[in-house]
A.B. asks: 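After the structure tokens below, expect a handful of questions from me.
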Amino acid sequence: GENVEQHPSTLSVQEGDSAVIKCTYSDSASNYFPWYKQELGKRPQLIIDIRSNVGEKKDQRIAVTLNKTAKHFSLHITETQPEDSAVYFCAATPYGQNFVFGPGTRLSVLP
Amino acid sequence: GAVVSQHPSRVICKSGTSVKIECRSLDFQATTMFWYRQFPKQSLMLMATSNEGSKATYEQGVEKDKFLINHASLTLSTLTVTSAHPEDSSFYICSARDPSGTGDTQYFGPGTRLTVL
């Protein structure tokens with residue numbers, strides 16, 4: 001089955017700097033890769049996703065890149081703000097199958 | 001994005017009682033819903049996949065007789081924790097698969113924090 005690893009487990013950046021979180025997956029059949037943001041005690045919120053037919057996708061300060069050959073994908077947040085502080089989860093899934101989540105990255109944006 | 005509600009948001013119960021948690025898709029019909037469990041500072045652990053009109057599919061190690069799942073309509077799935085014990089205390093979150101578009105996006109409910117005394 002699919003296995004997703006995520007690094008780093010914790011990340012601290014200064015406000016205004018960029019943050020990068022990387023995930024690797026094992027199942028070459030996976031073709032959908034969402035990223036979720038979860039604030040303490042709240043639901044995971046979908047922030048961006050990418051499908052395997054695309055190498056990069058951007059939405060304002062957030063971007064995701066996918067390298068199918070190396071089986072890894074990354075979340076990039078530019079111009080970080082304190083409200084970006086949260087736990088971020090990546091996931092990988094073949095179409096129609098269950099999500100397999102990474103262990104999460106706790107991002108702290110320091111003022 | 002699509003809206004998923006979950007009720008109750010918080011429940012405290014005595015050991016041995018049963019607790020029912022409801023998950024509703026408010027603005028779309030979801031043939032598939034998922035139930036997750038999340039321990040503090042950990043990732044989401046899939047417990048079971050709830051399919052409308054059929055039996056749920058449980059992940060390995062999840063007791064189906066303890067965690068009863070019913071998906072009686074296209075907008076409602078329920079999880080019943082039977083004979084709850086303190087070790088069942090956790091954050092339970094449901095999600096629903098949005099069938100629009102490519103049909104693989106999941107939207108999460110706000111979660112239910114269960115505390116068993």
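The chains referred to below are lettered A, B, ... by the order of the sequence lines, with proteins before strands, and numbering in each begins at 1.
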A.B. asks: For the OG1 atom of B/Thr105 and the OH atom of A/Tyr32, what is their distance to the nearest 0.5 Å?
C.D. replies: 3.0 Å

A.B. asks: Does atom NZ (B/Lys66) have a neighbourhood of more than 12 heavy atoms from anything else shown, all under 6.0 Å?
C.D. replies: yes

A.B. asks: Identify whether A/Val87 and B/Ile93 are in the same connected component of the hydrophobic contact network (ILVMFWY, side-chain heavy atoms under 4.5 Å).
C.D. replies: yes

A.B. asks: Answer yes or no: are there more than 12 heavy-atom neighbours, outside B/Arg10 itself, under 6.0 Å from its atom CZ?
C.D. replies: no

A.B. asks: Treating Ile, Leu, Val, Met, Phe, Trp and Tyr as nodes and any side-chain heavy-atom pair under 4.5 angstrom as an edge, say whether B/Leu76 and B/Tyr107 lie in one connected cluster.
C.D. replies: no

A.B. asks: Are more than 12 heavy atoms, taken from residues, nucleotides or ligands other than B/Leu117, located less than 6.0 Å from that residue's CG atom?
C.D. replies: yes

A.B. asks: Got more than 12 heavy atoms from elsewhere within 6.0 Å of CD, A/Glu79?
C.D. replies: no

A.B. asks: Tell me, yes or no, whether the heavy-atom count around A/Glu83 atom CD, taken from other residues, nucleotides or ligands under 6.0 Å, exceeds 12.
C.D. replies: yes

A.B. asks: To the nearest 0.5 Å, what is the distance between OG on B/Ser43 and CD on A/Gln38?
C.D. replies: 8.5 Å

A.B. asks: Ignoring hydrogens and geometry, is there a side-chain-to-backbone donor-acceptor pair from A/Arg43 to B/Val4 under 3.5 Å?
C.D. replies: yes

A.B. asks: Please examine the side chains of B/Gln106 and A/Thr93, heavy atoms only from C-beta on, and report whether any two atoms are closer than 4.5 Å.
C.D. replies: no

A.B. asks: With only heavy atoms counted, which part of B/Gln6 is less than 4.5 Å from chain A, the side chain, the backbone, both or neither?
C.D. replies: neither

A.B. asks: In the single-linkage hydrophobic clustering (I, L, V, M, F, W, Y; side-chain heavy atoms under 4.5 Å), do B/Leu46 and B/Tyr58 co-cluster?
C.D. replies: no

A.B. asks: Calculate, to the nearest 0.5 Å, the distance between atoms CG and OG belonging to A/Asn98 and B/Ser95 respectively.
C.D. replies: 9.0 Å

A.B. asks: Could you walk me through whether A/Gln45 and B/Phe108 pass the side-chain contact (heavy atoms from CB on, under 4.5 Å) test, one step at a time?
C.D. replies: CA-CA 7 Å; A/Gln45 297 265 23; B/Phe108 285 85; over 6 Å; no

A.B. asks: Could you report the tightest heavy-atom contact between B/Lys41 and A/Arg106, atom names first, then the distance?
C.D. replies: CG-NH2, 3.7 Å

A.B. asks: How close do A/Phe89 and B/Gln42 get, heavy atom to heavy atom, and via which atoms?
C.D. replies: CZ-O, 3.8 Å

A.B. asks: Could you tell me if the ring centre of A/Phe99 sits under 6.0 Å from that of B/Phe34?
C.D. replies: no

A.B. asks: Check each atom of A/Pro44 against the heavy atoms of chain B and say whether the ones under 4.5 Å are side chain, backbone, both or neither.
C.D. replies: both

A.B. asks: By a 4.5 Å heavy-atom criterion (distance strictly below it), what part of A/Gln6 contacts chain B: side chain, backbone, both, or neither?
C.D. replies: neither

